[in-house]
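Scroll down for the structure; my scribbles are underneath it.
Residue numbers start from 1 in every chain, and the chains themselves are labelled A, B, ... in the order their sequence lines are given, proteins ahead of strands.
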Amino acid sequence: MPDAPGLELIAQRINEEVPGAVTETAHDHGRATLVVDPEKVLGALGWLRETDGQRYTFLSSLHAADYLPAVPRFAVHYELLNRDRVERVHVKALLPDPGAGNGNGDSALPEIDSCVEMFPTADFQEREVYDMFGIVFRGHPDMRRILMPEDYVGWPQRRDFPVGGEPVIFTHNEPELPHWYE
Amino acid sequence: MTPDGTLNRAAPTQSGVQPEIEDPSLGLVRQAETEVRPPDVDLDLEPEQELLTINMGPHHPATHGVLRLIVTLQGEQVIDLKPVIGYVHTGIEKSCEQHSYWKVIPFVERMDYLGYFFNMEAYCGCVESLLALEIPPRAKWLRTLHMELNRIHSHLVWLGTSALDLGAISMFWYCFRERDRILDLFEMSAGQRMHTRYFQVGGVFEDIPVGFEQKVKEFCAEMPDRISQYEALLDQNEIFLRRTKGIGIVPRERLLELGVTGPLLRAAGEPWDLRKATDYLAYPELDFNIPVGTVGDGYDRYRCRVAEMRESVRMIEQCIDGLPEGPWIADDRKIVLPPRDELSTSMEALIHHFKLVTEGFRVPPGELYHSIEGPRGELGCFIVADGSAKPGRVHFRDSSFVNLQAFREMSVGGYVADLIQNLAMLDPILGGIDR
């Protein structure tokens, strides 16, 4: 993990290369975080991956989180790793919710560029994020649901998606659920 | 597909002749002629040879769970492959958000159901880092001990079932015999054979009982001989060798691009192991080697895992010998349950107990990705804490989920029988993939 001055230096150099890419840096729990503009996330990731002296070539994990009621609401997290120096950098792209909607899938979805070209490992993980949060990755070769059924409606990991369930039929409650078999 | 394990290396079927499907579970789905893209390998086949798309699974014994594979075949060779997952998706990550931190532990254990101690460690370690809670040395060593036992357990299940896929049924019984001894040890220390919930935030649930060390030592004394016996059964078995050697090779650079970690990556010659690279628990103080392969074929993957079992036995012995005395759980009453005997004498302990059991402890706001080396590679846990007693988000970077992406490249261009071998050597745990 780069130390705090090193992180500032990285942020400054990314901003020289891609103006306005890094909006914030944070250093907590022994981890360096770069908060980046979602429109310029590929520029920041590409810089961290390609620049000599950085070479964060391994994407450990890509995941998302819903910070409802915070604004912007979503974040896509990239956990980058340099395996030679065993250094990790956490890149976080904050995404506003364009629909501010009902979470039922019919409102506009937040979008971000896909990094599959750069990190092929992100393929399944971006699909999972799409499946669970409804965040669309532009340029992903196969943007479909991966864990939920393909005809599923809704984005189950969003905070405003209720924990539901299907009623289980027993003898005692069968009359309460008419036509359950249909 | 030869369920009895005989070699199936016949030349590709002649033009126009469809391969005979012996296994009834490999239902014929449809014959695609135009949808499938042309092969990117030189198969030297007649141009009019038909492509056949078959569906393997989700309930196929060789898929190690409920994995469905849509396989496009030309004769007996795999042209394309698409894994379909999600059949055991149970929304564990969503459920975790509904429960207080200490109640989440049994949930995460059930993700990768062969590596429950690793899941617990990834989760508890993450919460402890968010709390900035230091765990006592004895807890660290006990955790390391149990995780290495768990690693052997996981590899034994892998070895038994993989050999079974290749037709060696006796391996299954031998591996499960030793696995049962490990489960006996877990039962002795934690009270449960599987899904023990032994790790707590702050340490471990209970100290090991009297006689546990002796039992572990007996196990460690016997295990190297057992591993030698497995090797004697497989290493000179011509069927096993010819089905694994030179099969499923993916270059090391490509594996890294695909994010593959663990024995799969090490078999390709990359000595990457988070136990060495990062220092967590008692690993910095243990003396162990990282087995690496050279070619990265199925045989190397097998050799790597078997060698890892030997290293784990060495680590367990060192853990037993070096186990420090002292408390096994941190002494922070705001996070850790007070000892049971204090409840009847101390009002304060009773209050703490009540608060912890009813509400749980609060974690200050923050978010953290914490990763450890699981039996299948990097196992990461990402937690968003929002300051309440329930996590805002729990995400597991499951190594099987990421490793599965390499499966297509391993198998395309090979035979169907090699596909089964590749899947066996990939060691996917569908509970972890689907979560």
Quick check for you: to the nearest 0.5 Å, what is the distance between A:Leu59 atom CG and B:Leu256 atom CG?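 Separation between the atoms: 12.5 Å.
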
For [X] versus [Y], what's the shortest heavy-atom pair and its separation?
X        : Y        : result
B:Thr278 : A:Val86  : CG2-CG1, 3.8 Å
B:Val402 : A:Gln125 : CG2-NE2, 3.4 Å
B:Val384 : A:Ala65  : CG2-CB, 4.0 Å
A:Leu147 : B:His89  : CD1-ND1, 3.9 Å

CA sep, side-chain torsions, deciding dist, call: A:His77, B:Phe382, ring pair (Phe, Tyr, Trp, His ring centres under 6.0 Å): CA-CA 10 Å; A:His77 300 261; B:Phe382 173 75; 4.5 Å; yes

Before giving the answer on side chain to side chain contact (heavy atoms under 4.5 Å, CB included), spell out for B:Glu270 and A:Arg83 the whole-Å C-alpha distance, their side-chain angles and the decisive distance to 0.1 Å. CA-CA 11 Å; B:Glu270 182 76 31; A:Arg83 290 183 310 108; 2.7 Å; yes

Can a salt bridge be assigned to the pair [X] and [Y] using a cut-off of 4.0 Å between side-chain N and carboxylate O?
X        : Y        : answer
A:Arg88  : B:Glu378 : yes
B:Arg435 : A:Glu128 : yes
B:Glu367 : A:Lys92  : yes

Hey, is the main chain of A:Val163 close enough, under 3.5 Å, to the side chain of B:Lys94 for a donor-acceptor pair?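 Such a contact is absent between B:Lys94 side chain and A:Val163 backbone.
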
Select one option (side chain, backbone, both, neither) describing which atoms of [X] are under 4.5 Å from chain A's heavy atoms.
X        : value
B:Ser371 : side chain
B:Phe401 : both
B:Pro364 : neither
B:Gln98  : side chain
B:Ile433 : backbone

Verdict with supporting geometry, A:Tyr67 and B:Arg393, side chain to side chain contact (heavy atoms under 4.5 Å, CB included): CA-CA 9 Å; A:Tyr67 296 94; B:Arg393 166 108 170 102; over 6 Å; no

